[in-house]
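By convention here, the first residue in the shown sequence is residue 1.
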Amino acid sequence: MRGHATAPSRPTDPGHRRLRRSAGALASAALLLPLLGAAPADSGTSATRLQRAFGTAADQYHVPQSLLLAVSYLQSRWDTHAGAPSVTGGYGPMHLTDARTALANAPHHSEGSEDARGDGARPALHPTSEVPTQAELPPRLRTLTKAAELTGLPAERLRTDPAANVAGGAALLAAAQRDLAEPLSSDPADWYGAVARFSGADDTATAAAYAADVYDVLRTGEERTTDEGQLVALAAHPELAPDTAQLKRTGLRKVSAAGTECPATVSCEWIPAPYEEFGEGDYGNHDLGDRPAGQSIRYIVVHDTEGAWDGVLTMVQDPTYVSWNYTLRSTDGHIAQHVKAKDVAWHAGNWYVNAKSIGLEHEGFLANPDAWYTEAMYRASARLVKYLAAKYGIPLDRQHILGHDNVPGPTTSTVSGMHTDPGPYWDWQHYFTLLGHPFERTAHLRGDSPVVTIRPDYASNRPTYTGCVTSGQTCAAHGSSEVRLYSQPDTASALVKDIGTHPPGGVSSIGVNDVGARASTGQQYAVAERRGDWTAIWYLGQKAWFQNPAANPTAVSAVGAVVTPKDGLTEIPVYGRAYPEASAYPAGVPAQAVSPLPYKLPAGQKYVAGEKVPGEYYYAVTFDTASHRVVVGKDQYYEIQFGHRVAFVRAADVRVTLS
């Protein structure tokens with residue numbers, strides 16, 4: 001249990017002994033190689049091998065074992081990912097980066113036909129900017145090369161052998177400590193500067209935020225079973241106080257957070273998206289607004305970038321491209337803000353959602369299951385979201401913290417082109433645990449609960465997907481936040497249909513970008529039926545079955561408000577946006593169509609309801625803000641969890657009950 005684990009002991013490091021390389025890298029490698037092979041017969045079970053590798057590397061390079069464990073936890077949570085690289089080309093438990101090798105063949109998901117602005121009141125914007133190829137990678141993306149030089153180990157071994165990878169990380173920490181003229185002390189408190197340098201950050205704010213996270217892990221302790229089934233433990237050191245004054249000697253540049261809207265617990269810089277006119281009266285790449293005074297902010301939308309950091313920053317600074325509010329870097333969790341919260345970024349493909357949301361782009365690739373997200377980025381993102389949610393009164397649930405793949409198409413014609421990031425490999429359960437709102441059972445009786453919260457075990461839940469590299473090709477097996485939905489309680493039955501995503505027949509697939517038959521962790525649905533190890537939910541106007549065995553449940557019991565059509569109505573329309581009635585629009589503002597989606601909500605079915613909201617539309621189609629208006633109607637809507645994406649129904653059409 002966190003904070004109470006005890007790590008295996010090792011001999012105390014000589015407090016001030018410096019590590020000196022013997023005659024060249026090969027001699028160092030020769031000394032280390034026997035320690036990195038298979039564990040000897042008396043070494044215990046494989047469940048202890050990784051823990052022992054940390055002790056071996058700590059002894060070899062005179063780095064405190066607890067510090068090495070804490071750094072690795074922040075990098076990877078001690079997972080090896082079977083030698084696959086992260087989204088920025090980081091390998092193994094220490095996330096040693098070799099981006100040139102890893103990212104050259106990184107697959108991208110299809111962007112579809114989505115208009116990021118999502119407002120039919122002005123022409124659609126389909127940007128064509130490309131992520132530029134980087135002529136030279138920054139040091140933070142090639143730490144594995146340096147580790148190979150320090151250890152004498154082949155780069156391939158550092159990428160694929162967890163023990164070698166840990167040794168490489170230890171060598172980098174020791175080298176950073178020597179560069180700062182600090183002793184190879186046995187006290188983790190003496191390594192603050194080396195940890196800051198290890199982050200790969202080139203500025204003091206990012207390095208300090210990274211180091212603060214490492215020392216937070218040291219103070220609280222951690223224990224978990226890795227993706228290879230190995231138990232790793234780090235004892236708590238609650239009284240640890242690092243020497244933060246070392247940061248001044250790291251030689252890193254200072255970056256101002258002036259102009260940003262970020263919590264003090266993250267590193268943040270202002271890289272503005274341009275608000276500029278171009279062409280024949282056109283402009284980009286966002287709209288000026290007056291939020292939250294003019295209209296409330298109700299959503300935070302999680303995206304992935306489908307590109308590397310530097311190229312993505314180039315795109316968001318292009319006035320002819322689209323925009324989002326923040327970008328988060330994978331290697332160290334650094335954040336760049338581009339659009340103020342008061343203004344409306346063009347990111348979600350639905351103008352109603354854009355006008356009421358903040359968009360966060362995370363460095364990553366949807367269609368590469370092994371391109372994992374770092375713990376540093378997850379933590380920085382969670383801190384930013386907690387800050388924004390508290391500031392703007394945004395509930396921390398899956399009807400307000402959305403993936404781009406949960407945003408509905410605003411009209412029938414747009415549904416099939418909506419984006420599907422961050423996709424099935426984003427770990428929503430871990431993310432919400434970091435937010436302080438883990439998905440827990442809220443109803444006492446599992447079998448009788450009228451509502452369920454989807455919550456598979458991420459690591460062991462491994463549905464098959466196709467299309468990660470080429471069309472039809474099976475994706476690598478990987479943990480997933482999503483469960484597959486069938487038309488009958490049988491995996492041989494057809495998947496449930498989605499007539500919006502797949503008109504006209506609605507036939508869903510197991511493609512990685514096909515959200516037509518998937519439910520995601522944290523989403524809540526009304527139960528339609530139960531049969532043995534199967535549970536059926538109401539989903540897109542039909543029963544959708546998923547495996548939910550008692551021994552390994554993929555959903556937990558919940559309570560909540562649900563909507564159903566009012567008595568006498570056989571079915572009701574479903575909407576992708578909550579727009580006002582025509583009579584609410586003032587002169588000079590064209591009334592927007594209250595356009596239903598192709599789906600229907602039939603009588604007798606129930607759907608979990610979120611908050612009740614008035615119809616609202618932000619009229620902003622000109623560069624000059626004088627004509628901008630927020631139109632609020634009398635019609636009320638409920639947001640509902642209708643399929644994989646949320647949707648809206650008119651309050652006048654439904655009856656609400658507490659289940």
Side-chain angles (χ1 to χ4, degrees), residues 114-119 125 127 129 255 257-276 283-307 309 312-319 321-330 333-364 377-378 380-394 396 400-407 419 421-422 426 431 435 618 620:
E114 178 186 293
D115 167 24
R117 194 176 191 276
D119 180 16
L125 177 66
S129 293
V255 173
T260 63
E261 298 163 313
C262 293
T265 52
V266 301
S267 61
C268 199
E269 65 178 311
W270 176 242
I271 301 178
Y275 185 68
E276 296 178 8
Y283 70 95
N285 58 14
H286 59 280
D287 280 293
L288 302 185
D290 186 27
R291 305 186 309 179
Q295 55 186 328
S296 62
I297 301 173
R298 301 307 297 154
Y299 305 103
I300 293 172
V301 181
V302 172
H303 305 257
D304 72 45
T305 60
E306 293 302 310
W309 173 263
V312 169
L313 294 191
T314 298
M315 290 191 295
V316 79
Q317 295 176 83
D318 179 353
Y321 199 67
V322 296
S323 61
W324 49 93
N325 298 83
Y326 299 88
T327 305
L328 291 96
R329 192 161 67 197
S330 175
H334 180 61
I335 300 172
Q337 184 177 0
H338 314 295
V339 178
K340 298 287 189 181
K342 75 177 186 65
D343 298 326
V344 178
W346 302 350
H347 62 96
N350 182 316
W351 182 244
Y352 175 81
V353 174
N354 278 344
K356 301 186 74 63
S357 71
I358 292 172
L360 276 59
E361 288 277 2
H362 298 78
E363 192 176 14
M377 185 168 70
Y378 270 126
S381 181
R383 287 179 177 141
L384 177 60
V385 169
K386 285 173 69 175
Y387 166 82
L388 294 171
K391 185 173 182 178
Y392 299 109
I394 302 169
L396 290 172
H400 294 87
I401 311 301
L402 303 174
H404 196 171
D405 54 345
N406 307 132
V407 175
H419 287 194
D421 57 297
W426 180 263
Y431 193 53
L435 288 172
Y618 182 43

If you measure from [atom1] on [X] to [atom2] on [Y], what distance do you get to the nearest 0.5 Å?
{"X": "H419", "Y": "H347", "atom1": "NE2", "atom2": "NE2", "result": "13.0 Å"}
{"X": "Q337", "Y": "I358", "atom1": "CD", "atom2": "CD1", "result": "8.5 Å"}
{"X": "T305", "Y": "L360", "atom1": "OG1", "atom2": "CG", "result": "12.5 Å"}
{"X": "W309", "Y": "T314", "atom1": "CH2", "atom2": "OG1", "result": "11.5 Å"}
{"X": "I271", "Y": "T327", "atom1": "CD1", "atom2": "OG1", "result": "8.0 Å"}
{"X": "L328", "Y": "H303", "atom1": "CG", "atom2": "NE2", "result": "11.5 Å"}

Nearest heavy atoms of [X] and [Y], plus distance in Å:
{"X": "V302", "Y": "P422", "result": "O-CD, 3.4 Å"}
{"X": "W270", "Y": "A258", "result": "CB-O, 3.6 Å"}
{"X": "A389", "Y": "I300", "result": "N-CD1, 4.3 Å"}
{"X": "E261", "Y": "Y326", "result": "O-OH, 2.6 Å"}
{"X": "N285", "Y": "A273", "result": "OD1-CB, 3.3 Å"}
{"X": "A348", "Y": "V407", "result": "O-CG1, 3.6 Å"}

(message) Between W346 and D287, is there a side-chain donor-acceptor contact under 3.5 Å, judged purely by atom types and distance?
(response) yes

(message) Under a 3.5 Å threshold, yes or no: a donor from one side chain and an acceptor from the other, between H338 and S323?
(response) no

Check for a donor-acceptor pair, side chain of [X] on one end and backbone N or O of [Y] on the other, with a separation under 3.5 Å.
{"X": "S381", "Y": "M377", "answer": "no"}
{"X": "D304", "Y": "E363", "answer": "no"}
{"X": "N325", "Y": "A341", "answer": "no"}
{"X": "N406", "Y": "G403", "answer": "yes"}
{"X": "R383", "Y": "L435", "answer": "no"}
{"X": "R291", "Y": "S357", "answer": "yes"}
{"X": "K356", "Y": "S296", "answer": "yes"}

(request) Classify the angle between the aromatic ring planes of H400 and Y299 as parallel (below 30°), tilted (30 to 60°) or perpendicular (above 60°). (result) parallel

(message) Can you classify the ring geometry of Y431 versus W426 as parallel (below 30°), tilted (30 to 60°) or perpendicular (above 60°)?
(response) perpendicular

(request) Could you tell me whether the side chain of W351 reaches within less than 4.5 Å of the side chain of V344, counting heavy atoms only? (result) yes

(request) Decide yes or no for V385 and L396: does some side-chain heavy atom of the first lie under 4.5 Å from some side-chain heavy atom of the second? (result) yes

(request) Could you please spell out the steps behind the side chain to side chain donor-acceptor pair (under 3.5 Å) verdict for E269 and H334? (result) CA-CA 8 Å; E269 65 178 311; H334 180 61; 2.8 Å; yes

